[in-house]
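First comes the structure, then the notes that go with it.
Along the sequence shown, residues carry numbers from 1.
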Amino acid sequence: MNKKQLIARVQRYMGPGATRSTATAAVEAVLTAILSATTTSPRLHITRVGSFSRKKKNALSFTPSAVFIKNLAKKPTSGTGQGI
C-alpha cells in the first residue's frame, strides 16, 4: 500500500462527507507525529497497531501487530470511523 492508497482508505473510513484533503491532512498528521516521536525516543509502540523505530540510517521501520493486519482485511464500517 502506498501513501495515495492509504489516503483513499482513510477517506472511506471517515465517511461520506469526508474530502480527500481532510483525509490527506489526517494521514500527514499521524505520520508527522510518528516521525517526531521516533526522534525523541528510540522506539514507539502503539498497542494493536505495531512498533516504530529509527534505524542507524534514520529510516523509519514498522512492525505491524497481528490485530492490525486482521483489521486491515475487514471492510470499512458504514462511515462511523470506528473500523479504523
Side-chain angles (χ1 to χ4, degrees):
M1 174 180 285
N2 61 30
K3 191 173 178 182
K4 186 176 180 179
Q5 293 167 331
L6 177 62
I7 290 169
R9 179 158 302 176
V10 168
Q11 184 179 3
R12 279 187 289 161
Y13 277 109
M14 290 174 76
T19 64
R20 182 168 180 75
S21 62
T22 56
T24 301
V27 169
E28 288 292 334
V30 170
L31 293 177
T32 301
I34 289 170
L35 285 172
S36 71
T38 56
T39 58
T40 58
S41 67
R43 186 177 175 127
L44 168 68
H45 177 77
I46 302 174
T47 305
R48 298 168 76 185
V49 174
S51 298
F52 298 86
S53 61
R54 283 199 180 259
K55 299 202 180 223
K56 290 181 184 175
K57 62 179 185 173
N58 290 337
L60 185 66
S61 80
F62 173 65
T63 308
S65 70
V67 174
F68 182 75
I69 292 171
K70 183 176 123 184
N71 287 338
L72 277 180
K74 292 182 182 178
K75 291 185 178 180
T77 58
S78 60
T80 60
Q82 295 174 354
I84 243 178

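Taking OG1 of Thr24 as the reference point, atom CD1 of Ile7 lies at 4.0 Å (rounded to 0.5 Å). In this structure, the separation between CZ on Phe52 and CD1 on Ile34 is 3.5 Å, given to the nearest 0.5 Å. The OG atom of Ser21 sits 8.5 Å away from the CD atom of Gln11 when rounded to the nearest 0.5 Å. Taking CZ from Arg20 and NZ from Lys4, the interatomic distance works out to 6.0 Å, rounded to the nearest 0.5 Å.
Across all their heavy atoms, Ala23 and Met14 have their closest contact at CA-SD, 3.8 Å. Across Pro42 and Ser53, no two heavy atoms sit closer than the pair O-CB, 3.4 Å. Taking both residues in full, the closest heavy atoms of His45 and Ser51 are given as ND1-OG, 2.9 Å, listed atom of the first, atom of the second, then distance.
Between the side chain of Thr32 and the backbone N or O of Ala29 there is no donor-acceptor pair closer than 3.5 Å. Listed for the Ser36 side chain is a donor-acceptor partner under 3.5 Å among the backbone atoms of Ala33.
No chain of hydrophobic side-chain contacts below 4.5 Å, direct or via other Ile, Leu, Val, Met, Phe, Trp or Tyr residues, connects Val67 to Met1.
Partners of Thr22 under the side chain to side chain donor-acceptor pair (under 3.5 Å) rule, at least two apart in sequence or in another chain, are Thr19.
Between Gln5 and Asn2, some side-chain heavy-atom pair lies under the 4.5 Å cut-off.
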